[in-house]
Amino acid sequence: MLKGILKRLGIVLFVVVGATALVFFMLHYIPGETAEVMARYIFIGNIEIDASNEDVALISQYYELDKPLIVQYVSWLSKSLQGDLGMSYKTGQPVLDEIMIRLPATIKLAVVSVLISLIIGIPLGIVAAIRQNTIVDYICSTSAAIGVSIPNFWLALILILVFSLYLNLTPVMGSGGVEHIILPSITLGTGMAAVTARLTRSSMLEVIRQDYVRTARGKGLSEKTIIVRHAMKNALIPVITIIGLEMGHLLGGTVIVETIFAWPGIGKLLIDAISQRDLPIIQGCVIFITIMYVFVNFIVDLSYSILDPRIRYER
Amino acid sequence: MLRIKINSIGIWITLVTIMGLVAFSGCIDQEGTDTDKSRVEQKLVIAEPWGISSVDPATAGGTLNNFLLLETLTFMEPDFSLVPGLAESWELIDNTTWRIHLKDNIKFHDNTELTADDVKYSFDRNMEKNPTIRGEMGIKSIKKIDDYTVDIITDKPDAAIPAALSYAQAVIYSKNSVEKDGIIVKPIGTGPFKFEKYNKASDILELSKNENYWNGVPKLDTVIIQGGVGEASTRELAIEKGEVDFTTEPPMGSTERLESNPDLNVIVHPLCQGYKLNFGNLSKAPYDDINVRKAIAYAVDKESIVEHILYERGEISNGMGFVPGIEWRNNDLEGYPYDPQKAKQLLKEAGWEDTDNDGILDKDGKAFKITLYTWPQRPALPPLAETVQSQFKEIGIDAEVRIMDWSAITERLNEWGAIRVSGGATSMRIPDPGYYLERNFHSEGNSNSYGYKNEEVDRLLEEGRSTFDNEKRYDIYRNVQKIVVDDVADVYIAYHNLAVVTKSGVNGYVPNPSAHDYRINPGIYIEE
């Protein structure tokens, strides 16, 4: 167990260094000189107004963007390893503060969305599998297909239109209250629920053909017991893997939904930072997202052994 | 691994439930923005398209100025007249020194008096933290003369300084403003509204009434700004539901529908911004030929663009970026009306003819195939570019539309025949003709990436800056406008009109066309 955790930490460090280096160097190869982009977005405050060469030179010098890339990266890395992630170019505040301030909203949205996808997706998938090739199965599969195909931005606007405008039940946008999280999490949750349902169905179908299920039937157990106690546990393993990946993805931010609902998450922070070339924030977000992914997948691995005691956490 | 003899599915479900509860309880103890209280309350809730993210005046000066927290030394009135702001008067001491006399009865929000020290502090700090301010305003340094007098020293003789002092980024704030790590987190200004708090997590800025405002007490008690509502549809739905009282720029096609809603007011007013075509490179073929440029200018059907693309949220221009009412505008200019026949004629004169009958003009074996580049952030630009594309087709120019980030566009403007379909760039960021004209049409202007060079224009622009008699100056600049439009340095298609949507109970909003993009005013009040 301890060995496993240490190994994970090693992986985190490796992935963080790799990912940040990749992002750092790639940023310099996308069009637009960093200092010029910063001048427009951060200092002039309007991308449509050109900056003068003198300003670009000054900014470049101030943020040491005129040094060789490798020097910039190594200097950033050595500071980061000592726990100093630097200051945001845009706000001048510590990167860690900028991320931490958006963390609660991001985690809330991710957790609630995943919950919604589980609550809808798993029962739907199980029912579809048990009643395979019946009208119930077709309805479930069709709605899952629709759920996957609906684009987030469209669903979000339709939900606002119906629930906020016509029914006056939820606020259009903003954050803070319980009521604010309902629409964004439904938007994200339903798309994922569809994936969850499809996966649960196919995995369930495989499991209920297994010998031990037949044995359980032979023992004379009730269908409910067979499904809940014997089949479902095994069928959920691939589902959990996907949930883990989706959770990691959600913690990395969901730009479109965040933009529509004015939800202050990590996704928007990162996208804005990329367009403004706020390098310290970009790097900070990359570190954060990497850690989140590795952490969530660690939890997923642990949960395998809860679901299936044959799997031990030893790798 | 530890094994407990409980149904492990049960554990999983319990875990999920607990996670859910934690998430929800986390939500409950935070206060929301209550927007549905009684309307007689003098409270204005604004949905602002851009994120606020910082309240440090050095970079957020424009925002804090637009929401009347911080003020400038001079003000630009909605009718484009320059009036005293925090400064009482100004005079020219010598060619490079402007003496500014401050009003002596102005108090900051913390009740301390505004003095020359604060003015110097603000300028020094703004210029140090934001290098673009110094360059933009042309200020070298600022010197305190006595408690109510400062001298502004310029790099070269500069008649535009009084106008430059109204620049939204040149805001004045108290040296007692609260700093943390060198960043101002609580700006103390002189404006009609005081800083209450800024919640970065939700991007909400709260302001309250300044009872001691030097220029009359504002009517609103509270102003709440929700920043970062970047999606136009969200702003539209929020104002329709009544969640906010004031917002701008709903989706282009929605103006009419919103106007028919009795609970809402839609105010469409001109801004000193617009849409135009920038030639990629004026010193290379095909745009080194003025007849080709003129043909392009005649080929664009501005009227149909205003009607079908801008949904009347725009107006045809006279070929220049100054809207009617601006004193130095050259009102004799007429621009280039839509005339495809004339365009074809001009292209023929320039040697462009369809010799191989494929519908595309050619010259010396080269077909007139070009690319129109534009960016997606301004919603009207992509459809506008497509319309221009089809209008070019009519005169035999085969254009391709490519939409990409503006930073990627800059690198491609040297391609043969490239044109940038631009929007936004305001002509009144600093309300003086010099800035916009020099930027775009001086051979060394910041925005003159297309390489427009006319020695007469350069000379006039330099003369204009150092001419201190406004009548003479404006004549010089009117002359520049004429030369530039005659030269077809760019093709100005239309001014952009801003749409402001308010609840019908919101009264007293006076549009300020010189603002970027809008500025509230102390006279706004809420009626039942």
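Computed from heavy atoms alone, side chains included, the values below leave out hydrogens, waters and symmetry copies.
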Is there a side-chain contact (heavy atoms from CB on, under 4.5 Å) between B/R235 and A/M173 once you walk through the steps? CA-CA 9 Å; B/R235 296 195 295 275; A/M173 53 162 197; over 6 Å; no
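- Residue B/R378 touches chain A through its side chain alone, counting heavy-atom pairs closer than 4.5 Å.
- Contacts of A/A51 with chain B are made by backbone atoms alone, with heavy-atom separations under 4.5 Å and no side-chain atom involved.
- Heavy atoms of other residues, nucleotides or ligands lying less than 6.0 angstrom from CD of B/E415 number more than 12.
- Residue A/Y63 places its OH atom among more than 12 non-hydrogen atoms of other residues, nucleotides or ligands, all under 6.0 Å distant.
- At a 4.5 Å heavy-atom cutoff, the contact between B/W375 and chain A is made by side-chain atoms alone.
- Only the side chain of B/I183 comes within contact range of chain A, judged by heavy atoms closer than 4.5 Å.
- By number of non-hydrogen pairs under 4.5 angstrom with chain B, the leading residue of A/E36, A/R40, A/E98 is A/R40.
- A distance of 7.0 Å separates CD1 in A/I101 from CG in B/N199, rounded to the nearest 0.5 Å.
- Heavy atoms from other residues, nucleotides or ligands lying under 6.0 Å from CE of B/M404 number more than 12.
- Of the possible polar contacts, one joining the B/R439 side chain to the A/D50 backbone as a donor-acceptor pair under 3.5 Å is found.
- Contacts of B/N130 with chain A are made by both backbone and side-chain atoms, with heavy-atom separations under 4.5 Å.
- Looking at A/E258, there are no atoms closer than 4.5 Å to chain B (heavy atoms on both sides), in backbone or side chain.
- Note on B/R134, B/K180, B/K200: by heavy-atom pairs under 4.5 Å with chain A, the leading option is B/K200.
- One distance of note links OG of A/S175 with CD of B/Q226; it measures 6.5 Å at 0.5 Å rounding.
- Heavy-atom neighbours of B/K129 NZ from other residues, nucleotides or ligands within 6.0 Å: above the threshold of 12.
- Top candidate by heavy-atom pairs under 4.5 Å with chain B, chosen from A/G265, A/G92, A/A39, is A/G92.
- At a 4.5 Å heavy-atom cutoff, the contact between A/K90 and chain B is made by backbone and side-chain atoms alike.
- Annotation: maximal heavy-atom pairing with chain A below 4.5 Å, among B/S54, B/A201, B/A232, occurs at B/A201.
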Walk me through it: do A/N53 and B/N446 pass the test side-chain contact (heavy atoms from CB on, under 4.5 Å)? CA-CA 8 Å; A/N53 294 337; B/N446 288 339; over 6 Å; no
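- Side chain of B/T234 to main chain of A/I260: a donor-acceptor pair is present (N/O by atom type, distance under 3.5 Å, no hydrogens or angles).
- When each of A/L157, A/V56, A/D55, A/L103 is scored by its heavy-atom pairs under 4.5 Å with chain B, the top score falls to A/D55.
- Applying side chain to side chain contact (heavy atoms under 4.5 Å, CB included) to A/I44 and the options B/Q169, B/R429, B/E136 leaves one that passes, B/R429.
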Evaluate side-chain contact (heavy atoms from CB on, under 4.5 Å) for B/D181 paired with A/Q93, printing each intermediate quantity in order. CA-CA 7 Å; B/D181 304 327; A/Q93 313 251 309; 5.9 Å; no
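- For the side chain to side chain contact (heavy atoms under 4.5 Å, CB included) criterion with A/L165, the lone passing option out of B/E243, B/E240, B/E236 is B/E240.
- Counting heavy-atom neighbours within 6.0 Å of B/E179 CD, excluding the residue itself, gives a total above 12.
- With chain A as the partner, the residue from B/G135, B/G230, B/S447, B/G61 showing the most heavy-atom pairs under 4.5 Å is B/S447.
- Side-chain atoms of A/F261 and B/E231, non-hydrogen and from C-beta on, never get closer than 4.5 Å to each other.
- Neither the backbone nor the side chain of B/V55 comes within contact range of chain A, judged by heavy atoms closer than 4.5 Å.
- Within the 4.5 Å cutoff, the side chain of A/T91 has heavy atoms near those of the B/S53 side chain.
- Nearest approach of A/V172 to B/K241, heavy atoms of both residues: CG2-CD, 3.7 Å.
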Would B/T59 and A/Y89 satisfy side-chain contact (heavy atoms from CB on, under 4.5 Å), going step by step from the backbone distance to the final call? CA-CA 11 Å; B/T59 48; A/Y89 291 168; over 6 Å; no
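- With contacts defined as side-chain heavy-atom distances shorter than 4.5 Å, the pair B/S407/A/R277 qualifies.
- Side chains of A/I49 and B/T426 form a contact here, defined as non-hydrogen atoms less than 4.5 Å apart.
- When all heavy atoms of A/L58 and B/P131 are compared, the pair lying nearest together is CD1-CB, 3.7 Å.
- Atoms OG1 and CE, on B/T132 and A/M38 in that order, are 11.5 Å from each other to the nearest 0.5 Å.
- Contact between A/A262 and B/V229 at its shortest, heavy atoms only, is CB-CG2, 4.3 Å.
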